[in-house]
Every structure is written in structure tokens, then in C-alpha cells.
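Read through the structure below, which is laid out as C-alpha cells, and then see the notes.
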2 protein chains.
Amino acid sequence: MANVSSSRWDDQIAVPEVVVGRLPQYVRVLRELLSDGVQVANSQQLGQQLQVTPAQIRKDLSYFGRFGKQGRGYSVVRLLDELQQILGLNQQWNVVVIGVGRLGRAILSYPGFTPDGFHIVAALDNNPSLIGQEVEEVMVRPVEDLDLVVKEQNITIAVVAVPVGFTQQVIDKLVTCGIRAILNYAPSSPQVPDTVKIRSIDPVLSLQSMTYYLTNGGE
Amino acid sequence: MANVSSSRWDDQIAVPEVVVGRLPQYVRVLRELLSDGVQVANSQQLGQQLQVTPAQIRKDLSYFGRFGKQGRGYSVVRLLDELQQILGLNQQWNVVVIGVGRLGRAILSYPGFTPDGFHIVAALDNNPSLIGQEVEEVMVRPVEDLDLVVKEQNITIAVVAVPVGFTQQVIDKLVTCGIRAILNYAPSSPQVPDTVKIRSIDPVLSLQSMTYYLTNGGE
DNA sequence: TAGATTGTTAATCGATTAACAATC
DNA sequence: TAGATTGTTAATCGATTAACAATC
């Protein structure tokens, strides 16, 4: 019942960004539970693991569908699969890294991306002495080839690891090429149109927001 | 006037965590303005740079004091210095890195911490073949020495770069040693008492929250 | 069936924004 | 002084939590 067309979950209600931000954490916990052999979990148990209230978990999930069973809870495999589907984690994503300096190389050699379906298939730099070199099985190409590389290799995500002064111009180029998801490692907050998503990895900002508590309040 | 004791800004009102989280970004923008030779900026201009409303900037700052001049705006040097003071950025912070694997070494060689006053003065691992080695001018010591090292070198911040399975136990040890600020690079969400601040650097989570928009909504 | 837990609505809480008197 | 912009209060907006009927 109540299956009238106007009640379909994806009709109008936009999902708040803060909810989307929590889903990957749900996925992580569900994977753990799955590998621990847990078959069913209720919102109470999930909430405990995730440090959020059970009500929030149920509310968050309700934006996407009805995945639980009253009186029982959620099937771990089922919920995991649904969330992975929703987030697009059941597919491969091709990634280009811009900037093959110290940081760029660390990113290229980081083994944590591949198991989650993020494949670094291209690396660009404008340093002539790097171009043509092979780094972690990826050939370094000039930044001018960006457009070409993105099309050729069906790339949808870019990781930016260039010096801070070049960040904005590189990101502008990425946007022009049609890239709509950017992971920025430079200590800057570049501007993008709101059709494009960007996340910045910025350890110094994280440290600086903690020293506040070391300096003041904390007895 | 209105300087009665009960109206002092730091009397009761706790500063929301979300406000503290924005201050380091304010600092960054102010530093840019300073190096561009800008002497005065109003909340309108600051808001533009930071992509927030002028009202939010004024409100945020009002938690800490009255730094502006009506009709003019804020002195860039003055405001910068005040915020650096509030965040504790005018002092040096000694940092220990736990885990000297691939990631730990990348962190040790990252040049972005030092200019902001974060000095990595110790590195710990439990791999016997690493102990005693010097990495980026820091001698690797066994994890058992943690307590000793923290005391000896007056360390207040820890960076965790151990494999995910060891994260929680390492963090428990840090908490026991009195560390109250932790930067965690492992893909996990460790539990800490709420006297301790922790921030996690997790590029995969960031990517996963963006693929949602690549998969669905984005026309 | 009785017990448990969901999905959802309504109440609460907190953060953002608007508005404006104070004042440089 | 007139004009501009702050600091702050009140209004709005949005997110979290509580509560409970629906239902497994």
C-alpha cells in the first residue's frame, strides 16, 4: 500500500549532503560486520559502531528506501549491497593524478584506492624530466594532454597534487574537460561551479583545529 | 561601556566545534591577504574569499572578541594575529608519528607541517629492521618507548599511520600517555574519550561520497 | 500471538542568515 | 557630519532526536 506514484522516495526530496557523507562510513562498518560473519544488525547496533543515534541511521536510510525488517533489523549483505549501489561503489572509477612530485608519487603508490574500485590510470605533470617516465606502472604525460587522456581512458575523477600556486588553474582545466569529482591535496580551497564536487585533504587544517582545544578549554 | 563582568565573551558560551573548524581557513585567507599587501578587509570581502556569508564571519568572530571597526572592517594583521593566538598557532607543537611504513615515511617527508609550527620530533615503529634507522633526520624508536618519548620530547600531538588493524590499540596507548590530539591516517574511525580530539584523513571516504553524485543526480 | 524494531512524523535542537542599532 | 560596517539579537532554516503506529 501507499505505493502511489507521488510517494516514491526519489521523487523530489533531495538527500542532504551530510547524509551522503555518512553513507561511506556505513558501508565501511557493514563490510566489517560482514567479514565478522554477522548476518543481521539493527539500528541500535549500527549506531553504536558508528557513534550516531539509531534514529539517525533509520532516518538516513529512509531517504533511499526501506531496507529493514520490523522486529529484526537489517540484513548486512542486503544493506551493504544497496548502499554500494547507491554510492556507485559496485563499479570501477578511472582516476587521473595531476602532479607527480613527492606527494603525487605517494598517492600513486598508495595501495588503498584500488581495492575500493578507484583505478589511477593516468598521471600528468609539466616537468619535462618526468614526462615519459613510468611511475607505479603509469606513464607520466604532459598536462597539455589532459583533455585527450580524459577521453581516451574514460576518466571521471581527478586527484590534484600540484603546488598550491597552480591549484586553481589546474582545477579550472579539469572542470573544462568535464571532470565532476576532484580530490584536492593542495592546501587551498579552490572555487568550482556547483555542478562539480570537490573534497580537500588538508592535514594542516585538521591539526590547526585541534590545537585550539590544546591551548584553551582542555583542563 | 557594557564592560560588566558578566558580559565577558569567554564566560560561559561554548564555541561550537563547527566554528573552530572554520578558523584555520580564516587564518589561511588572512595570510594570503597579508602577503598581497591588503591591510584592511571587511566581512563582505572575507566572505567572498571563503565562500561564506558576511554574517557568518561576524558571528564566528564574535565568539572570541570584537576585532573590527565599524565603518571600516578588520585590520588584516590584527585579526590574523588574534586568530593565530586563539588557535595556538604562534607556538611550536611537537609531534610523534606512529608507524614508519610507506605512509609514515611520506608523512615524515611532507614539508607542509613545519612552516605551520608542527614539528615531527619522533617516529615509532615495531618493526625491528626499522628501529635505529634515521628517517628524515628522526631516529626510529620502538613503540614501547612511547611513554618515554612523549615525556622526554614534550609531545602533545600524535599522527597515526599504522595498518588499520592496529589503529585502535595504538590510539588507546596514546590516550593513556596523555596525548589529547590525534591525526589518524588509517581508514578507520577509532573511539576516543571526549577529552581527546581526533581527526581522520581518509581519501577513500572522500572519493566515495563524491561518486554518489556521479552515479545519480548529475545530469 | 507477543515482542521487537522499523519507517516516519512531529518536536527539539542548533546553526545560519537577516536585520538593525551602535559606532567608527 | 554622512556613510559604512560592525556586533548582536531575533527570525529562519535545516538537521537531529524522540516517539509511536505499522508490521515483521
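Note that these values count all heavy atoms, side chains included, but never hydrogens, waters or copies made by symmetry. Residue numbers begin at 1 in each chain, while the letters A, B, ... track the order of the sequences.
Within 6.0 Å of CD on A/Q153 lie more than 12 heavy atoms contributed by other residues, nucleotides or ligands. Open room surrounds CD on B/Q48; 12 or fewer heavy atoms of other groups in view lie less than 6.0 Å from it.
A donor-acceptor contact closer than 3.5 angstrom links the side chains of A/S209 and B/R199. Side-chain contact of B/Q84 with B/R31: a donor-acceptor pair under 3.5 Å is present, judged by distance alone. When only modelled atom types and interatomic distance are considered, B/Q56 and B/D60 share no side-chain donor-acceptor pair under 3.5 Å.
Applying the 3.5 Å distance criterion, the base of D/dG7 shares no donor-acceptor pair with the side chain of B/R66.
For B/T53, taking side-chain heavy atoms from C-beta onward, the closest of the listed nucleotides C/dT17, D/dC20, C/dT16 is C/dT17.
For the pair B/Q56 CD and D/dT12 P, the interatomic distance rounds to 19 Å; values are reported in whole Å. One interatomic measurement links the two molecules: CZ of A/F64 to P of C/dT6, which rounds to 18 Å at whole-angstrom precision. Atom NZ in A/K59 sits roughly 17 Å away from atom P in C/dC13 (whole-Å rounding). Spacing between atom CD1 of B/I57 and atom C1' of D/dT5 amounts to 13 Å, rounded to whole angstrom units.
Ion pairing between a basic and an acidic side chain is recognised when a charged N comes within 4.0 Å of a carboxylate O; B/R78 and B/E82 show such pairing.
At a non-hydrogen distance threshold of 4.0 Å, B/K69, B/Q70, B/G71, B/R72, B/G73, B/Y74 from residues 69-80 of chain B come into contact with DNA chain D.
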